[in-house]
Each structure stands twice: as C-alpha cells, then as structure tokens.
Amino acid sequence: MSQKRVPAAFIRGGTSKAVVLKRADLPEDEAAWPQLFARLMGSPDPGKRQLDGMGGGISSLSKVCVVGPASRDDADIDYTFAQIGVDSDRVDFSGNCGNMSSAMGPFAYDEGLVEGPRDGEAVVRIHNTNSGKVIVARFAVSEGRAVVAGDTAIPGVHGTGAPVTLDFLDPSDTFGRGTLPGGSARRELTLADGRGVRVTMIDAAVPSVFVAAGDVAGDTRSHPGAIDEDAALMDRLEDIRRQASVMMGLSSDLQAAERRIATPKVAMVGPAAGYRDIAGITHSAEAQDLQIRMISAGQAHRAVPVTGALALACAAVVNGSVVSACLSQAADPLNLRIATPSGIVMVGATRHAESGVISAARIVRTQRRLMDGHVYIP
C-alpha cells in the first residue's frame with residue numbers, strides 16, 4: 001500500500017484545530033513521529049497553505065494531539081501535543097497547546113478511554129506529557145456523549161458552545177528551572193539593532209517572554225496581519241524569543257533556539273486602550289485590563305494561545321513584572337480581562353501571598369469534534 005492509514009479525529013479545541021490520534025495507533029518508537037506528523041500536516045510547504053495535508057496554513061491549524069493511557073496515578077489519560085511548522089518540517093514537542101487541551105477530556109470520554117457519568121458533569125484529569133503537568137477538565141455530558149451545544153462564546157470562534165473549564169494545577173516550572181528562569185521578574189535585553197528592551201521571562205503553563213510593546217516600536221492594538229507584515233518588528237520579537245530561550249535554559253545557543261519554534265512564546269503587552277478587533281467590534285478601555293499580541297510559531301496569533309493567556313495571568317501576579325506594570329489597581333487577578341485581536345478573553349491565576357507559589361490557573365473554552373475516520377500519510 002502506498003499510504004499509511006491511521007484512525008483519527010479532526011477536532012476544534014478553543015481557537016485551534018488539530019488531528020487527534022490514539023497512542024495505540026502510532027509507531028511504538030516515538031522517534032518516528034516527527035516525520036509522520038509533518039507529512040500528515042502537509043509540511044513543509046513554501047507556499048504556506050499545506051494543501052497536501054491536513055494543515056490550514058497557520059500555526060493554530062497545524063497541530064497534532066496524541067491521547068493514550070495515563071502514565072501516572074494522579075491522571076486519567078496522557079496527552080502529547082505537537083506543533084508542526086507550516087513552511088518547515090520542524091515538529092516541536094516542547095510546549096502544550098491549551099486550546100486543544102479543552103478537547104482532550106471530551107475526546108477521551110467519547111472514545112471510552114475514561115469512565116464517567118452517563119449524564120451530568122464529567123471530570124477528566126489530563127497529564128500533559130510536554131509540560132509534565134496535570135490539567136483538570138470539567139464538562140457536561142448527556143446520554144454518554146460530551147455536550148457541544150451551549151451558550152458560551154469565546155473570542156475568535158463564531159457562535160457559542162458548551163463550556164469546558166480547565167484548571168491547570170501547579171502551572172509553574174514546566175522545565176524544572178523555576179517560575180522565573182531568567183532570575184528575576186524583569187530583565188533588560190539588548191537587541192541586534194542596539195535597542196534596549198524590558199522583558200519578563202516566566203515558565204507557567206508554557207515558557208513565555210513578555211515585552212512592553214513600546215520598547216519594540218509595536219502597538220498592542222494592531223491587527224495580526226499588520227504585525228506579520230512588519231518585518232523589522234517580527235525580527236525584534238524573534239531576537240527576544242531566541243535570547244530568552246537561552247537565558248531560560250531552554251536552548252543551548254541562539255541557533256538551537258531558532259529550531260525550537262513552539263517555546264518560549266513571545267508577546268507584546270500594553271495597558272488597556274480602546275481598539276477594534278478583527279471582526280470590527282470596538283472594545284473600550286474600561287472593558288479590559290491589559291492588551292496582548294502574541295507570536296506563535298513565527299506568526300502573530302489571531303487571538304491568544306490558551307497557554308499564553310495563562311502565562312500572562314501568572315505573570316500578572318508577579319510583583320515587578322512587565323505584565324503587572326500594565327495593570328490598573330482595580331484589576332482582579334482571578335478574573336483578568338485580556339484584550340486580544342479577536343476580543344476579550346477571561347483568565348485568572350491564584351498565588352499564595354506568603355510562599356509566592358502560583359497554585360493554579362483557569363480558563364474556559366469550547367470544543368467540537370468536526371470529523372473522524374482515517375488520515376492517509378504517504
């Protein structure tokens with residue numbers, strides 16, 4: 001047979017879509033996965049359309065999730081996430097996708113991989129193997145299937161759906177180098193163009209680096225397309241991302257950091273300000289607490305990755321961070337209103353006052369299975 005035939009589901013989770021596979025249907029040798037996943041997505045594609053695969057030409061549509069039996073006692077399933085390059089064949093397992101995390105519990109429930117009530121609320125403890133963290137998903141079920149219809153709306157997705165509440169337990173220190181692997185809440189970097197910038201490097205939900213938009217001549221009200229087209233700005237942000245990768249201990253050098261496309265995330269942040277989202281809806285400064293424009297796998301995200309939003313919420317409760325400097329005194333860290341290109345996202349984090357430990361971060365998403373059957377891989 002000229003092609004491999006692999007059982008799969010195609011699922012929207014939050015503002016992302018991914019091909020979801022079962023661990024049992026993949027090669028036992030995980031070293032074979034990157035090539036298989038890249039071919040599945042249609043990567044590399046210099047035209048950035050991934051026409052010969054399942055990818056959609058942008059980072060939020062070029063993802064693979066693998067679900068299997070739990071490898072630890074405090075979880076119900078294992079979930080591994082892979083970010084696949086669009087115009088490259090790079091496959092990055094270094095970070096989680098929070099958006100797709102919302103689909104893992106319902107998928108496992110619908111597939112009979114976990115036990116739960118036939119009607120009511122299902123609770124699935126998800127071990128994300130990328131970060132080594134546990135995510136608790138809570139969602140409604142009816143007649144033995146996860147509910148998808150509901151009145152919850154999330155920015156970036158038209159219409160409404162059933163809510164999936166995600167609690168990221170002990171979200172910090174996913175790489176074993178502490179919550180602030182850069183050593184302090186705020187550091188200064190010097191970029192290749194001689195520009196000095198203030199950044200906060202944090203490892204919470206996903207390793208991330210946040211920079212004040214003004215320091216890089218950026219604007220947190222900008223359309224993602226305008227950010228992508230500003231080559232000088234994108235170069236500055238990539239310079240920050242690579243330097244942070246080395247300083248956070250994620251990469252040995254700048255060349256190694258270039259190959260790690262999924263982590264750390266890099267984002268511009270700024271104070272609340274009136275703006276229009278990509279749907280043309282106007283949001284007042286009073287309806288938000290701060291603004292973000294995040295780069296994901298080399299492209300400006302059309303909303304914000306869930307893990308990026310959680311990292312932002314965690315950075316907001318760190319005194320002296322670039323993020324906390326953007327907030328007004330009235331901002332509630334448990335209900336932070338983040339202005340993204342697609343609208344306002346609610347997220348929160350809790351931090352013990354005495355120990356300073358970030359105990360949990362929460363966000364609500366929606367998800368829906370779009371198709372299942374088989375994918376074919378040459």
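Note that these values count all heavy atoms, side chains included, but never hydrogens, waters or copies made by symmetry.
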- For Met100 and Cys65, work out which heavy atoms get closest and say how close.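 Nearest pair, atom of Met100 first, then Cys65: CB-SG, 3.7 Å.
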
- Applying side-chain contact (heavy atoms from CB on, under 4.5 Å), run through Val134 and Ile126 and close with a yes or a no. CA-CA 5 Å; Val134 171; Ile126 303 161; over 6 Å; no

Any side-chain heavy-atom pair from [X] and [Y] closer than 4.5 angstrom?
X: Glu258; Y: Arg90; result: yes
X: Lys133; Y: Thr174; result: yes
X: Leu26; Y: Val66; result: yes
X: Ile295; Y: Ile227; result: yes
X: Leu21; Y: Phe37; result: yes
X: Pro163; Y: Phe139; result: no
X: Leu180; Y: Val318; result: yes
X: Val197; Y: Arg195; result: yes

Which pairs of donor and acceptor atoms, one on a side chain in residues 146-161, lie under 3.5 Å apart (sequence neighbours left out)?
unit_1 : atom_1 : unit_2 : atom_2 : d
Thr160 : OG1    : Gly150 : O      : 2.6

Check [Y] with [X], please: is the shortest side-chain N to carboxylate O separation under 4.0 Å?
X: Asp45; Y: Lys48; answer: no
X: Glu111; Y: Lys22; answer: yes
X: Arg39; Y: Asp52; answer: yes
X: Glu286; Y: Arg337; answer: no
X: Arg236; Y: Asp193; answer: yes
X: Arg198; Y: Asp215; answer: yes
X: Asp253; Y: Arg259; answer: no

If we count only N and O atoms by modelled type, under 3.5 Å, do the side chains of [X] and [Y] hold a donor and an acceptor together?
X: Ser16; Y: Ser60; result: no
X: Ser62; Y: Gln83; result: no
X: Asp78; Y: Ser71; result: yes
X: Thr15; Y: Asn99; result: yes
X: Asn96; Y: Ser131; result: no
X: Arg365; Y: Ser101; result: no

Solution key, residues 263-274 side-chain donor-acceptor pairs under 3.5 Å, sequence neighbours excluded:
unit_1 : atom_1 : unit_2 : atom_2 : d
Thr263 : OG1    : Ser94  : OG     : 2.5
Lys265 : NZ     : Ala262 : O      : 3.4
Lys265 : NZ     : Ser296 : OG     : 3.4

- Kindly assign one of parallel, tilted or perpendicular to the pair Trp33 and Phe93, based on the angle between their ring planes and the thresholds 30° and 60°.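 Because their plane-to-plane angle lies in the 30° to 60° range, the rings of Trp33 and Phe93 count as tilted.
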
Value rounded to 0.5 Å, distance of [atom1] in [X] from [atom2] in [Y]:
X: Thr340; Y: His283; atom1: OG1; atom2: NE2; answer: 7.5 Å
X: Asp235; Y: Leu191; atom1: CG; atom2: CG; answer: 10.5 Å
X: Lys17; Y: Phe10; atom1: NZ; atom2: CZ; answer: 4.5 Å

- Task: Test side-chain contact (heavy atoms from CB on, under 4.5 Å) on Gln243 and Asp239 and set out the steps.
- Result: CA-CA 6 Å; Gln243 287 195 51; Asp239 189 358; 3.1 Å; yes

- Among Gln367, Arg138, Met104, which one satisfies side-chain contact (heavy atoms from CB on, under 4.5 Å) with Val164?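 One option only clears the test, and that one is Gln367.
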
- Query: Is a side-chain donor or acceptor of Ser321 paired with a backbone partner of Ala315 at a separation under 3.5 angstrom?
  - Reply: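 Such a contact is found between Ser321 side chain and Ala315 backbone.
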
- Query: Do Arg293's NZ or CZ and the ring of Tyr275 fall within the cation-pi criteria of under 6.0 Å and 45°?
  - Reply: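 Yes, Arg293 sits over the ring of Tyr275.
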
